[in-house]
Amino acid sequence: MNLLLTGFEPFGGQAINSSEQAARALGEANLAGITVRVAILPVDRTRGPATLLHALDAALPDAVVCLGEAARRTALSIERIAINLLDFRIPDNAGRQCVDEPIVPDGPAAYFTTLPARAMRDAARAAGVPAELSLSAGAFLCNQVFYTLMHELSRRGANIPAGFIHLPQLPEQAAGAETAPPSISLDTTVRGLAAAFSALRAEHAARLGWQG
Ligand code: PCA
C-alpha cells in the first residue's frame, strides 16, 4: 500500500511540530507492506492546501493520512468529520486570520473520514498507545487540509481511504510551558500510528479482496 503521510511545520510560536516529527520518523520506519511518502505542509491558508494537492498528484497514493498537532489532546485523535469552515483562533504563519469563511464556497457542509477510524483507534490502543475518535478537527489549518483532501478526492472520484489524525504535543514542547499540556513521546506516537496504519492496510487489502 502506498501511503501519503503529511505533517505540518511549526506554528503558534513553537520551535517544532509533533506532526512533522512523527511524519518524518514514520517515513524512515520500516512498516510491513506499506510504502510511506512524506510531505510537510506550511501552516498557511493558501500554501498548506496547495502543497497537499501537489503531493497527491505526485504520489497518486492508495491511502492518505494527514497529521497535525493539537496542544490539549490527551491521545492520538482520529478525526471523523471535516467541516466547510475557516475560523482561525490565531493567525496562520503568513499572518492571516480568517473569520467565518467557507473553505469551498457552495461546497458540502462536511465530509466524513474514509479511514477505518474505529479499527485504527483499536489497533493503536492494542499497541498500548492512548487513542480516541474525535468529532472536530477545529476550524484552523488542520480542518482546512482535511476538508480540502476529502473534497478533492470526491471531485476526482478517487475512492481511497483518507483522513486526519491530531497528535498531542511532545514532552519537550510540554516541558517549555508554564502550565504543561498533555504530551506523548515521539516513540510512543510512532508506535501507535504504525499499529493504526497496519489496521488501515488490512482493511484496504480486504476491500480489494485480499482476504487472509
Ligand atoms: N495544528 C493546527 C495547524 C497545524 C497543526 O499542526 C491545527 O490543529 O489546525
Side-chain angles (χ1 to χ4, degrees), residues 4-27 38-56 64-104 110-111 113 115 117 130-152 162-174 176-177 180-186 188-190 192-193 196:
L4 173 63
L5 181 64
T6 73
F8 275 104
E9 69 180 10
F11 71 107
Q14 294 281 326
I16 58 174
N17 186 317
S18 57
S19 69
E20 173 173 7
Q21 307 284 317
R24 290 198 190 284
L26 282 153
V38 174
I40 304 304
L41 311 180
V43 179
D44 176 312
R45 75 167 279 194
T46 315
R47 289 170 54 238
T51 306
L52 169 75
L53 296 181
H54 182 78
L56 265 182
V64 186
V65 175
C66 297
L67 303 174
E69 176 186 301
R72 276 170 298 276
R73 300 292 172 102
T74 55
L76 310 190
S77 294
I78 303 171
E79 300 294 349
R80 306 181 78 157
I81 306 165
I83 58 169
N84 191 9
L85 175 69
L86 302 170
D87 189 24
F88 294 181
R89 183 176 41 85
I90 54 171
D92 70 6
N93 283 355
R96 282 169 308 195
Q97 189 147 14
C98 305
V99 177
D100 292 350
E101 285 180 42
I103 298 169
V104 177
Y111 286 100
T113 187
L115 294 174
E132 64 190 8
L133 301 178
S134 162
L135 284 174
S136 175
F140 192 41
L141 254 296
C142 290
N143 174 70
Q144 185 185 3
V145 157
F146 183 15
Y147 186 93
T148 303
L149 169 66
M150 304 316 293
H151 188 68
E152 181 66 10
F164 198 96
I165 304 179
H166 262 122
L167 308 175
Q169 289 188 325
L170 298 170
E172 47 272 48
Q173 295 175 278
S183 61
I184 298 185
S185 76
L186 185 59
T188 303
T189 299
V190 165
L193 289 173

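Indexing begins at 1, ligand by ligand and atom by atom, following the structure's order.
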Could you tell me which non-hydrogen atom of Phe164 sits nearest to which non-hydrogen atom of Gly68, and how far apart they are? CZ-N, 3.5 Å
Please list, in number order, the atoms of ligand 1 under 4.0 Å from a heavy atom of His166. 7 (C), 8 (O)
Would you check if Leu141 and Asn93 make a side-chain contact, meaning some heavy-atom pair closer than 4.5 Å? no
Can you list the ligand 1 atoms lying under 4.0 Å from a non-hydrogen atom of Gly68? 6 (O)
Can you sort out the partners of Glu152 under salt bridge (charged side-chain N to carboxylate O under 4.0 Å, His left out), two or more places apart, ordered by chain and number? Arg155, Arg156
Protein heavy atom at shortest distance from atom 3 (C) of ligand 1: Cys142 SG, 3.3 Å
Would you check whether Phe8 has a nitrogen or oxygen atom less than 3.5 angstrom from a nitrogen or oxygen atom of ligand 1? no
Please indicate whether Arg73 has more than 12 foreign heavy atoms, meaning atoms of other residues, nucleotides or ligands, lying under 6.0 Å from its CZ. yes
Nitrogen or oxygen of Glu69 less than 3.5 angstrom from that of ligand 1: yes
The atoms of ligand 1 lying under 4.0 Å from a heavy atom of Asn17, numbered in the order shown, are 5 (C), 6 (O)
Is there any salt bridge (charged side-chain N to carboxylate O under 4.0 Å, His left out) pair reaching into residues 94-104, and which pairs are they, with sequence neighbours excluded? Asp44-Arg96, Arg45-Glu101, Asp92-Arg96
Can you list the atoms of ligand 1 that are under 4.0 Å from a heavy atom of Leu141? 3 (C), 9 (O)
Might you work through the side chain to side chain contact (heavy atoms under 4.5 Å, CB included) test for Glu79 and Asn143, ending with a clear yes or no? CA-CA 9 Å; Glu79 300 294 349; Asn143 174 70; over 6 Å; no
